[in-house]
Participant: 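Got a structure for you, questions after.
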Amino acid sequence: MAPDDSTDDLIDGLVRSAFQVMGVLTRVGAEYDLSLTQLRVLGILRDRSPRMSDLAAFLGLDKSTLSGLVARAERRGLLTRGTSPEDKRAVVVLITEEGRGLTQRLYEEARDALAPATGRLGPGQREQLAELLEPLLSPPLAATPRPERPAPGTP
């Protein structure tokens, strides 16, 4: 099925808004010496305690990369590891009170930084946009690797 102009306009708008939001998050995170990936981890852990393997899959990271990321956050007192209540062999990642407080500050700073853009909409429009975005975001897209593509100029 070929995309129509409205689909192209939607994709363009989503990509442009993602770039704007990522720019804000990158800047806000840098003020706290946090990468965009570290911000994503804190955001995910606000309301859940996933297994390390599930968190790695969701973020599209290998387990060793995630383990290093979690270890750095543990040293800062933002995260801790625990055992899963369902499976004592599984390791879960938990946000600490310090991490929760930092996450709240980050959210407030990102909200304030995005206010000039979101303020262009009236309250009803903001509510409508949030409702329209929900089916696009839930459930989140799987972080699956793209199939290998041949290099340009190779058959």
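For this chain, numbers begin at 1 and follow the sequence in order. This one's a predicted model, so the numbers in the text were calculated from it and none came from an experiment.
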Participant: Report the distance from atom CG of L39 to atom CE of M22, rounding to the nearest 0.5 Å.
Facilitator: 12.5 Å
Participant: Hey, could you give me the CG/CG distance between L25 and L114, rounded to the nearest 0.5 Å?
Facilitator: 7.0 Å
Participant: For R100, does its backbone N or O pair with a side-chain atom of R46 as donor and acceptor, under 3.5 Å?
Facilitator: no
Participant: Please tell me whether V24 and V15 are part of a single hydrophobic cluster in this structure, the criterion being side-chain heavy atoms less than 4.5 Å apart.
Facilitator: yes
Participant: Taking E108 as the fixed residue, which of Q104, R111, R105 is the one that meets the side chain to side chain donor-acceptor pair (under 3.5 Å) rule?
Facilitator: Q104
Participant: Scan the side chains in residues 58-72 for donor-acceptor partners under 3.5 Å anywhere in the protein, sequence neighbours excluded, and list what turns up.
Facilitator:
residue	atom	partner	partner atom	Å
D62	OD1	S64	N	3.2
D62	OD1	S64	OG	2.8
D62	OD1	T65	N	2.7
D62	OD1	T65	OG1	2.8
D62	OD2	T65	OG1	3.4
S67	OG	R81	NH1	3.4
R72	NH1	G68	O	3.2

Participant: Do L132 and Q128 make a side-chain contact, defined as non-hydrogen atoms from C-beta onward lying under 4.5 Å apart?
Facilitator: yes
Participant: When you compare the side chain of L78 with that of Q38, does any pair of heavy atoms fall below 4.5 Å?
Facilitator: no
Participant: When rounded to the nearest 0.5 angstrom, what is the spacing between CG in L94 and OG1 in T80?
Facilitator: 6.5 Å
Participant: Can you confirm whether Q125 is buried at CD, in the sense that more than 12 heavy atoms of other residues, nucleotides or ligands lie under 6.0 Å from that atom?
Facilitator: yes
Participant: Minimum heavy-atom separation for V93 and M52, please, with both atom names.
Facilitator: CG2-SD, 3.2 Å
Participant: In Å, rounded to the nearest 0.5 Å, how long is the span from OH of Y32 to OG1 of T103?
Facilitator: 11.0 Å
Participant: Distance check, rounded to the nearest 0.5 Å: L55 atom CG versus L45 atom CG?
Facilitator: 6.0 Å
Participant: Begin with the C-alpha distance, continue with both residues' side-chain angles, and end with the deciding distance and a verdict on side-chain hydrogen bond (donor to acceptor under 3.5 Å, both in side chains) for E86 and S84.
Facilitator: CA-CA 5 Å; E86 297 87 32; S84 169; 3.0 Å; yes
Participant: Please name all residues satisfying side chain to side chain donor-acceptor pair (under 3.5 Å) with R27, sequence neighbours left out, ordered by chain then number.
Facilitator: E31
Participant: Spell out, as yes or no, whether a donor-acceptor pair under 3.5 Å connects the side chain of S49 to the backbone of V92.
Facilitator: no
Participant: Taking the side chain as everything from C-beta on, heavy atoms only, tell me whether L133 gets closer than 4.5 Å to L14.
Facilitator: yes
Participant: Any heavy-atom pair between the side chains of L42 and L79 that's under 4.5 Å?
Facilitator: yes
Participant: Decide yes or no on side-chain contact (heavy atoms from CB on, under 4.5 Å) for L102 and L34, but give the supporting numbers first.
Facilitator: CA-CA 11 Å; L102 176 59; L34 296 168; 3.8 Å; yes
Participant: Side-chain heavy atoms under 4.5 angstrom apart, residues restricted to Ile, Leu, Val, Met, Phe, Trp, Tyr: same cluster for I44 and L36?
Facilitator: yes
Participant: Looking at residues at least two apart in the chain, or sitting in another chain, which of them share a salt bridge (charged side-chain N to carboxylate O under 4.0 Å, His left out) with R16?
Facilitator: D12
Participant: Measuring from atom OG1 of T83 to atom NZ of K88, what distance do you get when rounded to the nearest 0.5 angstrom?
Facilitator: 5.0 Å
